[in-house]
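These numbers come from the heavy atoms of this one structure, side chains and all, not from hydrogens, waters or symmetry mates. Since this is a predicted model, take the numbers as computed values, not measurements.
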Amino acid sequence: VQLQASGGGSVQAGGSLRLSCAASGRTFGTYGTSWWRRALGKEREFVAAIRWSGEGTYYADSVKGRFTVSRDNAENRMYLQMNSLKPEDSAVYYCAAPTPGSLPYRNNWYSTKTFYDYWGQGTLVTVSS
């Protein structure tokens, strides 16, 4: 599985961006995919996740109500619509996927970093005040 994230950029506070993650290779049987971010000097943190079927979305408290995760399985793409952006949303954003066929071993699989085996290269989001 190869993941390619894109769509980052610079925006003023209150603005919007839409990130895209393109998947290639063997993806059939993938349980779910997610977005993570790492701000300068901080650990990588969970942002949002979605079941491959689309039936189930999960968000970090810090982005609930502002970010929306979606996917287009026909295009093998996942999206992250980010609205009402704040300076604290500035980070490199990564998409992640588990090995196809892997099943979760805990309820909060979506925010468990070790569940994911494949990571995109990251796309930079900068929000200015």
Side-chain angles (χ1 to χ4, degrees):
V1 178
Q2 294 81 45
L3 302 173
Q4 180 79 29
S6 61
S10 297
V11 64
Q12 290 194 325
S16 298
L17 282 173
R18 189 191 196 205
L19 305 184
S20 176
C21 176
S24 60
R26 176 181 169 242
T27 59
F28 181 78
T30 299
Y31 190 81
T33 52
S34 62
W35 289 99
W36 296 69
R37 66 186 182 188
R38 182 166 59 194
L40 191 63
K42 295 188 177 181
E43 295 291 320
R44 191 173 300 193
E45 65 174 3
F46 168 73
V47 176
I50 185 168
R51 287 285 306 273
W52 190 262
S53 63
E55 297 176 359
T57 56
Y58 312 86
Y59 298 93
D61 288 343
S62 58
V63 306
K64 276 180 185 175
R66 300 187 298 121
F67 290 12
T68 302
V69 61
S70 62
R71 62 175 307 109
D72 181 339
N73 286 347
E75 297 290 329
N76 253 355
R77 283 183 177 271
M78 175 178 63
Y79 301 98
L80 186 67
Q81 178 66 43
M82 306 187 295
N83 298 329
S84 303
L85 282 162
K86 305 175 181 179
E88 51 264 43
D89 293 319
S90 296
V92 177
Y93 283 71
Y94 301 88
C95 51
T99 296
S102 295
L103 296 176
Y105 48 86
R106 52 196 302 175
N107 289 337
N108 61 337
W109 61 271
Y110 45 89
S111 59
T112 301
K113 203 178 299 183
T114 54
F115 181 62
Y116 301 97
D117 303 300
Y118 302 97
W119 296 82
Q121 86 292 353
T123 185
L124 177 63
V125 172
T126 303
V127 184
S128 58
S129 57

| For the student: nearest non-hydrogen atoms of P98 and T30, plus distance |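 Result for this residue pair: CD-CG2, 3.8 Å.
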[X] side, atom [atom1]; [Y] side, atom [atom2] - distance, nearest 0.5 Å:
X   : Y    : atom1 : atom2 : value
K42 : R37  : NZ    : CZ    : 8.5 Å
T57 : R51  : OG1   : CZ    : 11.5 Å
T33 : Y116 : OG1   : OH    : 7.5 Å

Is [Y] reachable from [X] through a run of I, L, V, M, F, W or Y residues, each pair having side-chain heavy atoms under 4.5 Å apart?
X    : Y    : result
L124 : M82  : no
L103 : F115 : yes
L80  : I50  : yes
V63  : Y79  : no

Cut-off 3.5 Å, side chains only: do [X] and [Y] have a donor facing an acceptor?
X    : Y    : answer
S20  : R77  : yes
Y94  : R38  : yes
T114 : Y105 : yes

Could you tell me whether a side-chain N or O of [X] sits under 3.5 Å from a main-chain N or O of [Y], the two making a donor and an acceptor?
X    : Y    : value
Q121 : A5   : yes
R66  : S84  : yes
N73  : W52  : yes
S90  : V127 : yes

| note | Residues passing the salt bridge (Lys or Arg N to Asp or Glu O under 4.0 Å) test with K64, sequence neighbours excluded, are D61
| field | Residue pairs passing the disulfide bond (SG atoms under 2.5 Å apart) test where at least one lies in residues 2-61, sequence neighbours excluded | value |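 Only C21-C95 qualify under disulfide bond (SG atoms under 2.5 Å apart).
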| task | Verify the ring-centre separation between F67 and Y59: is it less than 6.0 angstrom? | result | no
Distance-only criterion, 3.5 Å: show the donor-acceptor pairs between side-chain atoms of residues 6-17 and protein atoms not counting sequence neighbours.
| unit_1 | atom_1 | unit_2 | atom_2 | d |
| --- | --- | --- | --- | --- |
| S16 | OG | N83 | OD1 | 2.9 |

